[in-house]
Amino acid sequence: MSNQILKAVNSIKEGKLVAIPTETVYGLAAPFNQPELIKKIFELKKRPLNDPLIVHVASVEDAKKLVKTWPKICDLLAKVFWPGPLTFVLEKNNEINDLITSGLNTVGIRIPDSKVALEFIRKLGTPVVAPSANLFKKISPTRPSDVSEVFSSEDVFVLDGGDCNVGIESTIIHIKDHAIQILRPGMIDSEALLGVVEKNGYTLELPKQNQVMTPGQFEEHYRPNKPVHTIITDSMENAVLLADELGIDVPIHDWVILSENIDKVANQLYQYLRNAGNKKYDKIVVFAQKKYLHDQKWLGVLDRVKKASKSYLIK
Ligand code: TXA
Ligand code: MG
């Protein structure tokens, strides 16, 4: 066992939380069957108890042990997308503490695509709950240093698995009665899901605009250290005019400009916002092209940008 993993397992035994790497963002982990440690997660993050946690498992077998029923579609989806950034919400069984699910009768489960995280879960011998390792409503961590800047080493052991590859949180789907509903968009998009869902007789429902789909999906979320003003329009020229009208004085070369490379933008989004927040201005400006609004691949990134924004102008 690597030294790091051994230290992480021992930290849990000593009553400390462990920040785990995943392909999406770093998570703040505790064993799913230790309510006292789970309470610590909520306290440290300043997270309200009505925001349920995702359980991270190392195998499909372990996922099955947490739920009442495991529809066949789950095997098919797991085969294609696990380990990976897709969370299943399914009816929970009695082993799952209400603290994890905020009293709901469902539980969110995924297998993260990180060798380090999976080895940790296996050595620990139990699944872990892990919300993103940030303070409630604040920007998410995609590098180990993002975590250690916020939490002290006395409270949290940071298990270093390098930078996250995907960069935004997992797609969350609710699975029930031949219907699959996207609760939180992410980089596994509707087109990818449809490929598996349709040919197996399920329907797919997209996230609804401006509707709270799931507890914990607050309007204000993922916020960096300064207010974000997002401008979505056809061209940079338009964006500059609109910024003028809004009285925004950040020069264009210091804006966060979302390029057409969606994978790269997702991968770097939180770092772009952090870097922009470290500049001398009192605000952050984000520019996105209007055509992204009609492209389902962009749903996840634009969802995060919107929630990170104080103002969000589409013109
Ligand atoms: O990529 C991710 O999912 C990351 C990494 C660490 O795995 N985790 C993450 O966790 O984003 P968190 O706690 O920041 O967001 C979890 C969200 C909750 O806010 C809630 O919206 C949804 O997952 N959720 C969890 N359990 C649910 C349930 N039973 N029903 C509906 N939504 C649920
Ligand atoms: Mg979060």
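None of these values were measured; they are calculated from a predicted model. Both ligands and their constituent atoms are indexed starting at 1 by order of listing. Just the heavy atoms: all of them, side chains too, but no hydrogens, waters or symmetry mates, feed the values below.
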Query raised in the report: Non-hydrogen atoms of Thr101 versus ligand 1: any pair closer than 4.0 Å?
Result: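 No, Thr101 has no heavy atom closer than 4.0 Å to ligand 1.
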Report task. For Pro85 and ligand 1, answer yes if some heavy atom of the residue is under 4.0 Å from a ligand atom, otherwise no. Result -> no
**Report entry** Pairwise side-chain contact, Ile252 with Val240, heavy-atom cut-off 4.5 Å (strictly under)
**Finding:**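 Counting from C-beta outward, Ile252 and Val240 do come under 4.5 Å.
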Report task. Verify the neighbour count for atom NZ of Lys310: are there more than 12 heavy atoms of other residues, nucleotides or ligands below 6.0 Å? Result -> no
**Report entry** More than 12 heavy atoms from other groups under 6.0 Å of NZ on Lys138
**Finding:** no
So, does [X] use its side chain to make a donor-acceptor pair with the main chain of [Y] at under 3.5 Å?
{"X": "His178", "Y": "Lys176", "value": "no"}
{"X": "Asp146", "Y": "Arg143", "value": "yes"}
{"X": "Asp303", "Y": "Arg184", "value": "no"}
{"X": "Thr233", "Y": "Lys315", "value": "yes"}
{"X": "Asp295", "Y": "Lys297", "value": "yes"}

Subset of ligand 1 atoms that lie under 4.0 Å from at least one heavy atom of [X]:
{"X": "His56", "result": "5 (C), 6 (C), 7 (O)"}
{"X": "Arg110", "result": "1 (O), 2 (C), 3 (O), 5 (C), 7 (O)"}
{"X": "Leu104", "result": "28 (C), 29 (N), 30 (N)"}
{"X": "Ser170", "result": "1 (O), 2 (C), 3 (O)"}

Side chain or backbone of [X] under 4.0 Å from ligand 1, or both, or neither, by non-hydrogen atoms?
{"X": "Ile172", "value": "side chain"}
{"X": "Arg47", "value": "side chain"}
{"X": "Thr106", "value": "both"}
{"X": "Arg184", "value": "side chain"}
{"X": "Ala130", "value": "backbone"}
{"X": "His174", "value": "neither"}

Report task. Salt-bridge test for Glu260 and Lys291: reply yes if a basic N is under 4.0 Å from a carboxylate O, no otherwise. Result -> yes
Report task. State the count of protein N/O/S atoms located less than 2.8 Å away from the Mg ion (ligand 2). Result ->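 Under the 2.8 Å cut-off, the count stands at 1.
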Report task. Nearest heavy atom to atom 10 (O) of ligand 1 wins, so pick from Gly27, Pro131, Ser114. Result -> Pro131
Query raised in the report: Of the listed options (Gly108, Pro52, Pro112), which comes nearest to atom 24 (N) of ligand 1 when hydrogens are ignored and any heavy atom counts?
Result: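 Selected option, by shortest heavy-atom distance: Pro52.
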**Report entry** Test side chain to side chain contact (heavy atoms under 4.5 Å, CB included) applied to Ser170 and Thr87, Leu86, Ile188, the passing residue
**Finding:** Thr87
What side-chain donor-acceptor pairs closer than 3.5 Å can you find for residues 18-28, not counting sequence neighbours?
from	atom 1	to	atom 2	distance (Å)
Thr22	OG1	Thr24	N	3.0
Thr22	OG1	Thr24	OG1	2.9
Thr22	OG1	Val25	N	3.3
Thr22	OG1	Val25	O	2.7
Thr22	OG1	Arg110	NH2	3.2
Glu23	OE1	Arg110	NH1	3.4
Glu23	OE1	Arg110	NH2	3.3
Glu23	OE1	Asp113	N	3.1
Glu23	OE2	Arg110	NH1	2.8
Glu23	OE2	Asp113	N	3.3
Thr24	OG1	Arg110	NH2	3.2
Tyr26	OH	Gly161	N	3.0
Tyr26	OH	Gly162	N	3.3
Tyr26	OH	Gly162	O	2.6

Query raised in the report: Does the ring center of Tyr281 lie less than 6.0 Å from the ring center of Trp255?
Result: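 That pair fails the under 6.0 Å test.
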Query raised in the report: Does the side chain of Asp75 pick up a donor-acceptor pair with the side chain of Trp70 at under 3.5 Å?
Result: yes
**Report entry** Contact check: Thr87 vs ligand 1, nitrogen or oxygen atoms, below 3.5 angstrom
**Finding:**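 The answer is no, given that Thr87 and ligand 1 share no N or O pair closer than 3.5 Å.
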